[in-house]
Amino acid sequence: MNSTQVLFFTLGAYFDTGLLKYLFFLILLCLYVLIVGSNVLLIVVICVNRSLHEPMYMFLCSLFVNELYGSSSLFPFLLVQILSDVHIISVPLCFLQIFCLYTYAGVEFCNLAVMSYDRYLAICHPLQYHTLMSLKKVALFIAAAWITAFLTVVTTTSLSFSLPLCGNFINKTYCDNYSIVKLACSDTTVNNIYGLINMALIVFVPVGLILYTYMRILKVCFSGSKQTRQKAVSTCTPHLASLVNFCAGCVFEIIQSRFNMSSVPRLFQILLSLYFLTCPPLFNPGVYGLNVSEIRSVCKNLFLKSH
């Protein structure tokens with residue numbers, strides 16, 4: 001059996017839940033509505049209010065757009081699969097899902113890296129900040145984050161799509177590249193090497209930049225004034241919380257994909273694999289909406305005006 005003969009993949013992580021599937025459907029639907037509502041609200045708040053047309057909020061807007069992109073790549077599919085009796089996905093749709101989910105992860109890391117660089121400039125070079133981080137540069141950084149992720153994932157997906165396959169069973173609730181590569185009949189050395197390069201480009205480089213910028217920020221905080229430390233804590237805490245939350249989700253997904261999880265309850269396996277696609281889109285609007293005073297005050301004013 002080769003790639004031209006495989007017309008669909010069977011998703012083996014689903015199991016019969018009886019009438020509970022309607023409860024799971026309702027829970028997922030509520031989560032998706034909450035994700036869309038909270039992220040769209042903050043995007044609109046940032047775009048409509050001229051006082052928020054600053055670099056930090058533009059980067060946040062890019063982050064929220066990516067949360068919508070990632071969750072919309074998965075939730076509608078999950079909602080259909082929960083109610084379905086046959087859990088299959090066509091080959092083109094499977095690779096489209098891989099592309100969307102991997103670009104979501106890549107853009108997320110790149111966005112967080114750019115945001116950490118922005119905080120570094122604001123805290124360590126406050127006088128030159130608006131010169132170093134003009135709106136033109138903001139647009140360039142946002143475009144670079146998205147384009148870098150898209151280009152690296154296009155190559156990964158293309159290499160996997162060309163593989164001859166010896167099966168069509170994926171033990172997941174959605175498609176992922178590693179599961180496809182494991183089905184290959186031919187040598188996958190090129191895929192593995194490029195996978196490592198890809199991970200270095202969109203994971204290790206952004207995380208390395210984040211660690212470097214925070215080391216510089218900490219150095220300035222220890223030698224700076226109390227006001228500088230307060231500014232660093234107020235603006236960096238939400239960013240660090242977002243980074244830790246997303247990295248934890250990615251680690252859960254890697255563990256669940258790479259290691260034998262047969263001793264772990266199936267429902268828990270599913271929850272682990274869905275963490276990085278459900279929690280960050282829910283967590284980020286909450287943590288930024290509540291902790292960033294400017295966004296919080298604008299949202300509060302909008303709420304009061306509506307009443």
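Values below: all heavy atoms of this structure, side chains included; hydrogens, waters and symmetry mates excluded. Position 1 is the first residue of the sequence, and the numbers go up from there.
In this structure, Y194 shares a hydrophobic cluster with L159, V190, the cluster being traced through Ile, Leu, Val, Met, Phe, Trp and Tyr side chains under 4.5 angstrom apart.
Without hydrogens or angle criteria, H87 side chain to I82 main chain gives no donor-acceptor distance under 3.5 Å. Side-chain atoms of Y288 do not come within 3.5 Å of backbone N or O of S242 as any donor-acceptor pair.
Screening residues 52-99 for disulfide (SG to SG under 2.5 Å), with sequence neighbours left out, gives C94-C175. Applying the salt bridge (Lys or Arg N to Asp or Glu O under 4.0 Å) definition to pairs two or more places apart or across chains, none involves residues 128-155. Applying the salt bridge (Lys or Arg N to Asp or Glu O under 4.0 Å) test to residues at least two apart or on different chains, none of the pairs has a partner in residues 267-286. Residue pairs meeting the salt bridge (Lys or Arg N to Asp or Glu O under 4.0 Å) criterion with at least one partner in residues 79-103, sequence neighbours excluded, are K21-D85. The salt bridge (Lys or Arg N to Asp or Glu O under 4.0 Å) pairs that include a residue from residues 148-172 are K172-E253, where partners are two or more places apart or lie in different chains.
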Per-pair distances, 0.1 Å, donor-acceptor, side chain in residues 67-76, under 3.5 Å, sequence neighbours excluded:
residue: E67; atom: OE1; partner: Y104; partner atom: OH; Å: 3.4
residue: E67; atom: OE2; partner: N284; partner atom: ND2; Å: 2.5
residue: Y69; atom: OH; partner: T103; partner atom: OG1; Å: 2.6
residue: S71; atom: OG; partner: E67; partner atom: O; Å: 2.8
residue: S71; atom: OG; partner: L68; partner atom: O; Å: 3.3
residue: S72; atom: OG; partner: Y32; partner atom: OH; Å: 2.9
residue: S72; atom: OG; partner: L68; partner atom: O; Å: 2.8
residue: S73; atom: OG; partner: Y69; partner atom: O; Å: 2.7

Show which side-chain atoms of residues 139-149 pair as donor or acceptor with protein atoms under 3.5 Å away, not counting sequence neighbours.
residue: W146; atom: NE1; partner: S62; partner atom: OG; Å: 3.0
residue: T148; atom: OG1; partner: A144; partner atom: O; Å: 2.7

Counting only pairs under 3.5 Å, give me each side-chain donor-acceptor contact of residues 198-205, with atom names and distances, residues two or more places apart or in other chains.
residue: N198; atom: OD1; partner: T152; partner atom: OG1; Å: 3.4
residue: N198; atom: ND2; partner: T156; partner atom: OG1; Å: 3.0

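With sequence neighbours excluded, no residue forms a disulfide bond (SG atoms under 2.5 Å apart) with C110. With sequence neighbours left out, H125 forms a side chain to side chain donor-acceptor pair (under 3.5 Å) with Y120. Every residue two or more places apart in sequence or in another chain that forms a side chain to side chain contact (heavy atoms under 4.5 Å, CB included) with V154 is listed here: F99, S158.
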